[in-house]
There are 2 protein chains.
Amino acid sequence: MPKYGRGSCWWAGRFRGGGYRLTMPRQSILEVLDNASKHLSAEDIYLAVHKIYPNVGLTTVYRTLDLLVQMGLVSKLDFGDGRARYELSESSKGVKQHHHLVCTGCNRVIDYTDFIDEEIKLLGRIEKELSKKFNFKITNHLIRFYGLCNECQNKK
Amino acid sequence: MPKYGRGSCWWAGRFRGGGYRLTMPRQSILEVLDNASKHLSAEDIYLAVHKIYPNVGLTTVYRTLDLLVQMGLVSKLDFGDGRARYELSESSKGVKQHHHLVCTGCNRVIDYTDFIDEEIKLLGRIEKELSKKFNFKITNHLIRFYGLCNECQNKK
DNA sequence: GTATAATTGAAAATGGATACCATTACCAAT
DNA sequence: ATTGGTAATGGTATCCATTTTCAATTATAC
């Protein structure tokens with residue numbers, strides 16, 4: 001009997017195809033991410049997984065997240081508060097892309113999807129030109145706004 | 001005789017006006033930033049300052065940088081390699097804005113000014129709308145591209 | 001000068017992330 | 001089924017940029 005059961009989830013194929021094993025820790029980390037409504041830190045994920053599978057270690061969470069990022073299934077986000085956050089990448093979920101609005105007061109993050117099409121269009125155009133000019137193979141871009149949220153404007 | 005000489009630099013007024021003292025450590029940190037041709041880490045700055053004023057501590061460098069960022073004289077940049085970089089903010093230098101192209105292979109950063117006007121225009125428009133929609137007081141934005149530089153594409 | 005508050009710096013603490021390494025799970029070929 | 005090789009795991013120790021602490025020093029107002 002295999003110790004690690006195999007779910008039949010949409011990501012299973014990505015693992016097989018990449019030559020990676022879909023183990024229980026990986027499976028459960030993906031499930032946590034799939035059910036998350038917000039961006040989770042590595043520790044958030046560790047705690048959530050740990051509740052169900054207490055023998056999954058923090059190291060494995062970090063390693064798995066790195067792997068998932070490398071596979072393109074997960075996006076690693078750094079909002080500048082000293083700990084990275086992770087979310088299923090949009091292409092994975094088949095969801096409309098979004099960008100972020102970050103409150104520098106309380107670190108709250110708001111996802112927005114407005115103007116995304118315009119943003120993507122401009123970015124795509126710039127990307128093409130910059131690639132040529134600097135001989136850079138661009139893989140990723142970032143648009144983000146920083147400021148104070150409703151609550152933090154009225155504090156102090 | 002004051003131990004800390006006072007330069008008559010453009011930033012002196014900003015200090016006085018803000019109720020801050022313009023001390024020698026602060027003065028020298030600003031000079032290092034002013035002469036820098038690239039983004040410097042806190043340690044870079046510490047070493048540069050330390051060469052001239054060996055009794056300036058790393059703690060003070062960090063504290064001063066925080067202050068300068070808060071005053072708007074300096075921009076803090078996080079390229080994801082685990083240490084922050086600092087540069088005089090464009091408005092301080094009266095220079096054309098630029099954005100960054102970051103190599104995920106070697107962490108090299110290329111500044112580009114192409115398309116900046118278009119970027120700024122779009123960002124300004126979006127900014128206005130998002131401010132209204134989320135009641136967010138936006139203070140800052142970020143556009144950045146990640147990828148592999150010329151050298152890193154050919155490695156491996 | 002003196003008082004007062006700001007500023008400093010050395011050392012210690014913090015905390016997210018990583019390296020190390022012995023152990024375990026998986027898979028393919030016998 | 002057994003085996004041998006490789007991938008994956010998890011606990012601990014460690015790294016390292018950044019903060020905190022706190023006593024000593026310095027700048028400014030009086």
Side-chain angles (χ1 to χ4, degrees), chain A residues 1-7 12 14-30 39-47 49-71 74 76-86 107, chain B residues 1-7 12-30 39-47 49-50 52-71 74 76-86 107:
Chain A
M1 185 172 82
K3 176 168 177 191
Y4 293 155
R6 292 296 171 64
R14 294 291 301 273
F15 272 80
R16 302 268 167 72
Y20 302 112
R21 298 179 186 166
L22 184 47
T23 61
M24 179 55 77
R26 292 175 176 179
Q27 178 79 29
S28 55
I29 288 167
L30 272 164
H39 326 98
L40 300 176
S41 68
E43 196 186 354
D44 291 336
I45 295 167
Y46 169 70
L47 291 174
V49 169
H50 201 256
K51 234 176 256 174
I52 310 170
Y53 305 102
N55 49 344
V56 172
L58 181 58
T59 309
T60 299
V61 172
Y62 275 108
R63 266 189 307 232
T64 301
L65 288 170
D66 282 349
L67 177 65
L68 295 175
V69 168
Q70 191 196 313
M71 291 172 70
V74 166
K76 180 177 184 176
L77 307 170
D78 179 356
F79 295 123
D81 66 341
R83 71 179 58 191
R85 312 291 160 134
Y86 301 85
N107 291 321
Chain B
M1 185 172 80
K3 175 168 178 194
Y4 292 155
R6 293 296 171 65
R14 293 290 301 272
F15 272 80
R16 301 268 167 70
Y20 302 112
R21 299 177 185 169
L22 184 48
T23 60
M24 179 53 78
R26 291 175 176 179
Q27 178 79 28
S28 55
I29 288 167
L30 271 164
H39 327 97
L40 300 177
S41 69
E43 196 185 353
D44 291 337
I45 296 167
Y46 168 70
L47 291 174
V49 170
H50 201 256
I52 309 170
Y53 306 103
N55 49 345
V56 173
L58 181 56
T59 308
T60 299
V61 172
Y62 274 107
R63 267 189 306 231
T64 302
L65 288 171
D66 282 349
L67 177 64
L68 295 175
V69 168
Q70 189 196 311
M71 292 172 70
V74 165
K76 181 177 182 177
L77 306 170
D78 180 357
F79 295 122
D81 66 342
R83 70 179 60 188
R85 312 290 160 134
Y86 301 86
N107 291 320

Peer 1: Which nucleotide in the set dT28(D), dT18(C), dG9(C) lies at the smallest distance from any side-chain heavy atom of Arg21(B)?
Peer 2: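 When the side chain of Arg21(B) is considered, dT28(D) is the closest of dT28(D), dT18(C), dG9(C).
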
Peer 1: Does the side chain of Val61(A) reach to within under 4.5 Å of the side chain of Tyr86(A), using non-hydrogen atoms?
Peer 2: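 Val61(A) does not reach Tyr86(A) side chain to side chain.
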
Peer 1: Would you say a side-chain N or O of Thr60(A) is under 4.0 Å from OP1 or OP2 of dG10(D)?
Peer 2: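 Indeed, a polar side-chain atom of Thr60(A) lies that close.
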
Peer 1: Without decimals, in angstroms, what is the distance between Leu58(B) CG and dA12(C) P?
Peer 2: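 My rounded result for the distance is 15 Å.
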
Peer 1: Can you check the Ile29(B) CD1 to dT8(C) C1' distance for me, whole Å?
Peer 2: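 These atoms are roughly 11 Å apart.
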
Peer 1: Could you report the tightest heavy-atom contact between Tyr46(B) and Val56(B), atom names first, then the distance?
Peer 2: CE1-O, 3.3 Å

Peer 1: Please state how far atom CD1 in Ile45(B) lies from atom C1' in dA17(D), giving the value in whole angstrom units.
Peer 2: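 Whole-Å distance recorded here is 14 Å.
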
Peer 1: Nearest-Å distance, CG (Leu65(B)) to C1' (dT18(D))?
Peer 2: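 For the pair Leu65(B) CG and dT18(D) C1', the rounded distance is 12 Å.
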
Peer 1: Starting at the 5' end of DNA chain C, which residue's closest nucleotide do you reach first, Thr59(B) or Thr64(B)?
Peer 2: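 The residue closer to the strand's 5' end, by nearest nucleotide, is Thr64(B).
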
Peer 1: Given 3.5 Å as the limit, does a donor-acceptor pair link the side chain of Asp44(B) with the main chain of Ser41(B), or not?
Peer 2: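 Such a contact is found between Asp44(B) side chain and Ser41(B) backbone.
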
Peer 1: Step by step, work out the side chain to side chain contact (heavy atoms under 4.5 Å, CB included) result for Arg83(A) and Asp81(A).
Peer 2: CA-CA 6 Å; Arg83(A) 71 179 58 191; Asp81(A) 66 341; 3.9 Å; yes

Peer 1: List the steps, then state whether side chain to side chain contact (heavy atoms under 4.5 Å, CB included) holds for Gln27(B) with Tyr53(B).
Peer 2: CA-CA 11 Å; Gln27(B) 178 79 28; Tyr53(B) 306 103; over 6 Å; no

Peer 1: Using OP1 and OP2 only, check whether a side-chain N or O of Tyr62(A) sits under 4.0 Å from dT18(C).
Peer 2: no

Peer 1: Rounded to whole Å, how long is the line connecting atom OH of Tyr20(A) with atom C1' of dT6(D)?
Peer 2: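 To the nearest whole Å, that distance equals 14 Å.
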
Peer 1: What is the distance, rounded to the nearest whole Å, between atom CG of Asp78(B) and atom C1' of dA17(D)?
Peer 2: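 In whole Å, dA17(D) C1' and Asp78(B) CG are 11 Å from each other.
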
Peer 1: Please report, rounded to the nearest Å, how far the P atom of dT19(D) is from the CZ atom of Arg83(A).
Peer 2: 14 Å

Peer 1: Given dA27(D), is OP1 or OP2 found less than 4.0 Å from the side-chain N or O atoms of Thr23(B)?
Peer 2: no

Peer 1: Between Arg26(A) (CZ) and dA25(C) (C1'), how many Å, whole number?
Peer 2: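 Going from Arg26(A) (CZ) to dA25(C) (C1'), I get 12 Å.
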
Peer 1: Does dA6(C) have OP1 or OP2 under 4.0 Å away from a side-chain N or O of Arg63(B)?
Peer 2: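 For dA6(C), neither OP1 nor OP2 has a side-chain N or O of Arg63(B) closer than 4.0 Å.
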
